[in-house]
Colleague: 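I'd like to ask some things about the structure below.
Chain letters run A, B, ... following the sequence lines, proteins first, then strands; residues in each count from 1.
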Amino acid sequence: MTFDLFADAEPDRMWCEQLCTGAVVLRRFALAHEAAILTALDGITGAAPLRHMITPGGFRMSVAMTNCGRYGWVTDRTGYRYDTTDPASGKPWPGMPEVFLALAQAAASSAGFDGFTPDACLINRYEPGTRLSLHQDRNERDFDAPIVSVSLGIPAVFQFGGARREDKPMRVPLTHGDVVVWGGPARLRYHGVLPLKEATHPLVGHHRINLTFRKAA
DNA sequence: CAGTACCG
DNA sequence: GACG
């Protein structure tokens, strides 16, 4: 699958918003392939079920997570890390579907980051009331590659802050099909998701799914 | 501190 | 009770 299948599929329904140097929102970017994405997602969660991981502080995360790709992001009492195996099964994470890879590469290119080769996709499932507090993505080996974040399902408010936790984050409403890309000077910016409100999406149901693509190694 | 609790 |  190529860039054309995404960026050129329905250009009149897509637009781009710049958040700062190195960060953009690609509105409705994933919409054209929502069915293929959701089908692939079912395959992944069937093999590597969503689960609530434990933070190093011993707290259960409200957001349920799983992974696909060579590396998966995991957390437990010993800390955050990338692992090639699912600690719940001992098996490798499900492979990254072609449609995921094509989506991530097309979004990165559209945002000005050519040659993005993600080897990790963290999948987050948010129920109403769940949240992800402000954090940095900093467990990757190098920070040259951008982060590509795909929103599916019910709306959420994304927080996008600065290089320091104290920097007041901007609030960015995200809906089904929106893709946020940040890299370069924005790569280590703090970000998070405010508690979700009750809502229903006709295809996804009463929750939000987020796909976060990274180059872990 | 990828968390919750508490308080104004 | 929602919000910061």
Side-chain angles (χ1 to χ4, degrees), chain A residues 19-20 22-23 25 41 44-45 48-88 93 96 100 104 118-143 145-174 178-183 186-199 207-217:
Chain A
L19 301 180
C20 66
V25 185
L41 193 57
I44 293 163
T45 56
L50 291 153
R51 81 295 302 262
H52 295 275
M53 298 189 194
I54 303 299
T55 67
F59 294 100
R60 173 187 183 274
M61 295 182 72
S62 66
V63 175
M65 300 177 161
T66 188
N67 293 274
C68 68
R70 176 164 175 76
Y71 298 97
W73 186 87
V74 292
T75 177
D76 57 24
R77 285 174 187 76
T78 71
Y80 312 132
R81 65 187 177 279
Y82 281 97
D83 205 319
T84 56
T85 61
D86 179 351
W93 297 103
M96 194 177 304
F100 278 28
D119 53 19
C121 175
L122 175 60
I123 297 161
N124 297 156
R125 178 180 161 129
Y126 295 76
E127 304 294 341
T130 64
R131 59 168 296 176
L132 200 56
S133 67
L134 218 53
H135 67 276
Q136 292 173 302
D137 289 6
R138 53 177 301 163
N139 299 115
E140 299 74 30
R141 285 192 101 70
D142 69 70
F143 305 128
I147 302 292
V148 173
S149 173
V150 178
S151 294
L152 300 166
I154 68 175
V157 178
F158 183 60
Q159 291 181 299
F160 196 68
R164 302 170 305 170
R165 190 186 291 277
E166 311 77 59
D167 297 334
K168 184 186 177 183
M170 65 194 302
R171 290 177 171 199
V172 184
L174 296 177
D178 291 345
V179 179
V180 186
V181 182
W182 65 98
R187 176 61 179 74
L188 288 174
R189 283 191 179 235
Y190 279 85
H191 57 281
V193 176
L194 293 178
L196 261 70
K197 293 177 181 168
E198 285 280 359
H207 57 268
R208 169 177 188 257
I209 297 286
N210 176 253
L211 312 176
T212 310
F213 296 91
R214 300 93 179 264
K215 188 179 184 312

Colleague: So, using side chain to side chain contact (heavy atoms under 4.5 Å, CB included) as the criterion, who are the partners of A:P195 when residues are at least two apart?
Modeller: A:R131
Colleague: Please name the residue in the list A:N139, A:D83, A:N124 that meets the side-chain hydrogen bond (donor to acceptor under 3.5 Å, both in side chains) test with A:W73.
Modeller: A:N139
Colleague: Assess whether atom CZ of A:R141 is packed by more than 12 heavy atoms of other residues, nucleotides or ligands within 6.0 Å.
Modeller: no
Colleague: Let me check I have this right: for DNA chain B, each base becomes ., (, ), [, ] or |, based on Watson-Crick or G-U pairs with both distances under 3.5 Å. What is the full string?
Modeller: ......||
Colleague: With distance as the sole test, does A:D119 use its side chain to make a donor-acceptor pair with the main-chain N or O of A:A217 at under 3.5 Å?
Modeller: yes
Colleague: Between A:F160 and A:W182, is the ring centroid distance below 6.0 Å?
Modeller: yes
Colleague: So A:N139, base contact, sugar-phosphate only, or nothing? Heavy-atom distance under 4.0 Å.
Modeller: base
Colleague: If you measure from the Lys or Arg side-chain nitrogens to the Asp or Glu carboxylate oxygens, is any gap between A:R187 and A:D137 under 4.0 Å?
Modeller: no
Colleague: Could you state the CD-C1' distance from A:E166 to C:dG4, rounded to the nearest angstrom?
Modeller: 16 Å
Colleague: Restricting to ring pair (Phe, Tyr, Trp, His ring centres under 6.0 Å), what partner residues turn up for A:Y126, sequence neighbours left out?
Modeller: none
Colleague: Taking the same atom, P, in B:dG8 and in B:dT4, what whole-Å distance lies between them?
Modeller: 22 Å
Colleague: Mind running a 4.0 Å heavy-atom check of residues 54-80 of chain A against DNA chain B and sending the residues that fall below it, in number order?
Modeller: A:T55, A:G57, A:F59, A:R60, A:M61, A:W73, A:Y80
Colleague: I'd like the P distance from B:dG3 over to B:dC7, given in whole Å.
Modeller: 22 Å
Colleague: Just by modelled atom types, is the A:A48 backbone N or O under 3.5 Å from a matching donor or acceptor in the A:T66 side chain?
Modeller: yes
Colleague: For chain A and DNA chain B, what are the first and last nucleotides along the strand, 5' to 3', with at least one atom under 4.0 angstrom from a heavy atom of the protein chain?
Modeller: B:dC1 to B:dT4
Colleague: For A:R51, check salt bridge (Lys or Arg N to Asp or Glu O under 4.0 Å) against everything at least two apart and list the hits.
Modeller: A:D86
Colleague: Using a distance-only test with no angle check, is there a side-chain donor-acceptor pair under 3.5 angstrom linking A:E140 and A:Y82?
Modeller: yes
